[in-house]
*Asks:* 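There's a structure below that I have some questions on.
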Amino acid sequence: MLPVSRLLKPLAVAASLLLSVIPAARAGAADPAPDRMQWFRDAKLGIFIHWGIYSHGVGSESWAFHNGDTTYEAYMSQAGTFTASAYHPEEWARLFSEAGARYAVLTSKHHDGFALWDTKLSKLNAKDGSPAGRDLIGPYCEALRKEGLKVGLYFSNLDWSHPDYASVLPPVADRSDPQFKNRFGYPQGPENPEAWTRFLAFHRGQLRELESRFKPDLIWFDGDWERTEGQWQFKELRQQLLEWNPDGIVNGRIGKYGDYLTPEQYIPLVPPPSVWELCATVNDSWGYQIKDHNFKSVRQVVRMLAECAGMGGNLLLDVGPRSDGSIPDEDVQVLRGLGRWTHKHAEALYGTVAGLPGGYFYGATTLSKSRDTLYLFCFDRPNGQVAVKGIRNPVLRVSVVGGPELPSRKIGGAEWMRMPGVLWIDVPESALDSEATVIKVELKGPLDLATEPERKG
Ligand code: GLC
């Protein structure tokens with residue numbers, strides 16, 4: 001068990017910040033075979049599920065004891081409330097599908113070390129260590145697959161309950177320890193190589209169980225920041241995972257060996273340099289929290305999703321079921337509202353690629369793979385007309401997705417410099433969507449986008 005101290009909070013926050021910053025900066029994500037990643041690139045929306053003994057709802061997932069908000073013992077005793085008595089994964093899968101998701105990612109094991117499957121390698125699991133009394137991962141995988149969704153499993157590399165993990169950490173509880181004050185030194189304390197070797201065998205062993213029993217399409221790693229890439233032996237791990245499952249993909253939290261980047265809780269300001277996915281919560285918590293009612297509106301989530309798609313990325317939207325497995329109504333309402341919008345605008349979302357760079361249109365945009373159809377997402381109520389710049393192609397047709405054809409006209413431009421006019425589009429009130437209106441611009445040929453002409457003087 002890790003000694004806890006309130007002083008760790010800044011470190012934990014710094015670690016989370018690092019987590020969110022480092023992956024986006026990892027330009028070296030492995031360049032995967034395009035067909036292995038294609039479903040992921042096309043998917044646009046996934047649902048993240050944080051479910052574990054913390055779903056009792058009174059403290060955060062794992063961090064509660066790490067940060068000293070509660071004791072380790074009190075935290076772990078929440079396992080006694082983890083009943084899964086209202087766990088109906090088919091209903092989860094139907095709801096996710098209704099929301100428009102194409103995949104989901106469930107926490108198979110968070111940093112607290114409590115596994116949701118009946119791992120043979122530790123007693124800390126839903127079958128042996130909670131009233132749930134059974135494997136919870138198998139039924140989830142089956143339900144998702146029946147619904148046509150891809151299966152993702154979150155897996156924490158670090159394990160704050162495992163004695164061989166805790167024993168190789170530096171002595172962080174002692175406030176007078178200079179290492180504790182120097183966060184750059186953290187956590188490079190004295191090593192115990194045998195314990196670490198044993199821990200790695202345990203880590204690989206659990207992953208092997210997940211791979212052989214559930215064959216996930218995606219493993220979503222987390223918690224790599226307390227050890228170096230070399231200590232984790234991530235290069236070897238990636239190789240091993242590919243041997244176990246050549247089609248499986250992994251996110252970017254295994255050093256530079258992941259398939260895609262995972263910015264967290266913020267919409268990137270510029271498109272990340274490779275395949276990517278934003279993970280974000282519907283309220284402010286990853287797991288269920290009784291007191292957290294700060295839910296995002298459907299409109300805010302729609303916008304977040306469209307902005308991700310507009311930069312070629314996915315949104316992994318997190319919900320927190322309760323200990324019994326029921327998903328709170330507030331989450332359900334957001335997912336249903338989102339579903340109304342995603343189903344209506346499916347063609348503008350799934351299977352599209354990143355749209356226009358900044359400066360051409362004031363909103364998100366996506367392009368069909370053939371690049372001859374441009375979708376404009378209008379988040380704000382257009383004041384009669386919307387405008388898009390830089391399109392050199394003749395425009396064949398403009399319409400509202402799920403609505404009428406719209407009058408449009410290109411005005412202005414400097415033909416002698418190949419700078420096209422502004423395309424002005426009339427959008428009547430009656431064509432507006434309550435969350436975000438999407439305009440479809442069909443072009444003659446693949447998009448030919450003007451760029452700023454060279455200035456001669
Ligand atoms: C952060 C949180 C962790 C959560 C993860 C999801 O790393 O610390 O608890 O599971 O985000 O991305």
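Reckoned from all heavy atoms, side chains included, excluding hydrogens, waters and symmetry mates. Atoms within a ligand are numbered from 1 in the order they appear, just like the ligands themselves. Everything quoted here is computed from the prediction, not taken from an experiment.
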*Asks:* Is R303 paired with E307 through a side-chain N to carboxylate O contact shorter than 4.0 Å?
*Replies:*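 Result for this pair is yes, salt bridge flagged.
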*Asks:* Does an N or O from H111, backbone or side chain, lie closer than 3.5 Å to an N or O of ligand 1?
*Replies:*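 Not met; the criterion fails.
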*Asks:* Distance under 4.0 Å to a non-hydrogen atom of D222: what atoms of ligand 1 satisfy this?
*Replies:*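 Taking each heavy atom of D222 in turn, ligand 1 has 3 (C), 4 (C), 5 (C), 7 (O), 10 (O) under 4.0 Å.
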*Asks:* I'd like to know if D284 and K291 make a salt bridge, using a cut-off of under 4.0 Å between side-chain N and carboxylate O.
*Replies:*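 No.
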*Asks:* Applying a heavy-atom cut-off of 4.0 Å, say which part of T262 lies close to ligand 1: side chain, backbone, both or neither.
*Replies:*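 Within the 4.0 Å criterion, T262 makes no contact with ligand 1.
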*Asks:* To which of W225, W220, W63 does the heavy atom nearest atom 8 (O) of ligand 1 belong?
*Replies:* W63
*Asks:* Could K150 and D42 be called an ion pair, given the rule that one side-chain N must be under 4.0 Å from one carboxylate O?
*Replies:* no
*Asks:* Give a yes/no verdict on whether any heavy atom in Q265 is under 4.0 Å from an atom of ligand 1.
*Replies:*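 It does not; every heavy atom stays at 4.0 Å or beyond.
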*Asks:* Looking at H50, which atoms of ligand 1 are within less than 4.0 Å of one of its heavy atoms?
*Replies:*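 The list of qualifying atoms is 4 (C), 6 (C), 10 (O).
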*Asks:* Is H66 close enough to touch ligand 1? Criterion: a residue heavy atom under 4.0 Å from a ligand atom.
*Replies:* no
*Asks:* Side chains of T228 and Q231: is there a donor and an acceptor less than 3.5 Å apart?
*Replies:* yes
*Asks:* Taking 4.0 angstrom as the limit and counting only heavy atoms of E264, give me the atoms of ligand 1 inside it, by number and element.
*Replies:*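 Those qualifying, in numeric order: 1 (C), 7 (O), 11 (O), 12 (O).
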*Asks:* Picking from T197, D164, L207, D159, what satisfies side-chain contact (heavy atoms from CB on, under 4.5 Å) with F202?
*Replies:* D159
*Asks:* Closer than 4.0 Å to some heavy atom of Y154 - which atoms of ligand 1 meet that?
*Replies:* 10 (O)
*Asks:* Does the distance from a Lys or Arg side-chain N to an Asp or Glu carboxylate O, for R253 and E264, drop under 4.0 Å?
*Replies:*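 Looking at R253 and E264, the cut-off is met.
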*Asks:* As an exercise, identify every atom of ligand 1 less than 4.0 angstrom from a heavy atom of C279.
*Replies:* 12 (O)
*Asks:* Please evaluate residues H110 and S62 with respect to the criterion side chain to side chain donor-acceptor pair (under 3.5 Å), reporting the C-alpha separation (whole Å), side-chain torsions for both, the decisive distance (0.1 Å), and the verdict.
*Replies:* CA-CA 7 Å; H110 205 261; S62 306; 2.7 Å; yes
*Asks:* Charged N to carboxylate O below 4.0 Å: is that the case for K120 and E209?
*Replies:* no
*Asks:* List every atom of ligand 1 that sits less than 4.0 Å from any heavy atom of E61, numbering the atoms from 1 in the order shown and giving each element.
*Replies:* 3 (C), 9 (O)
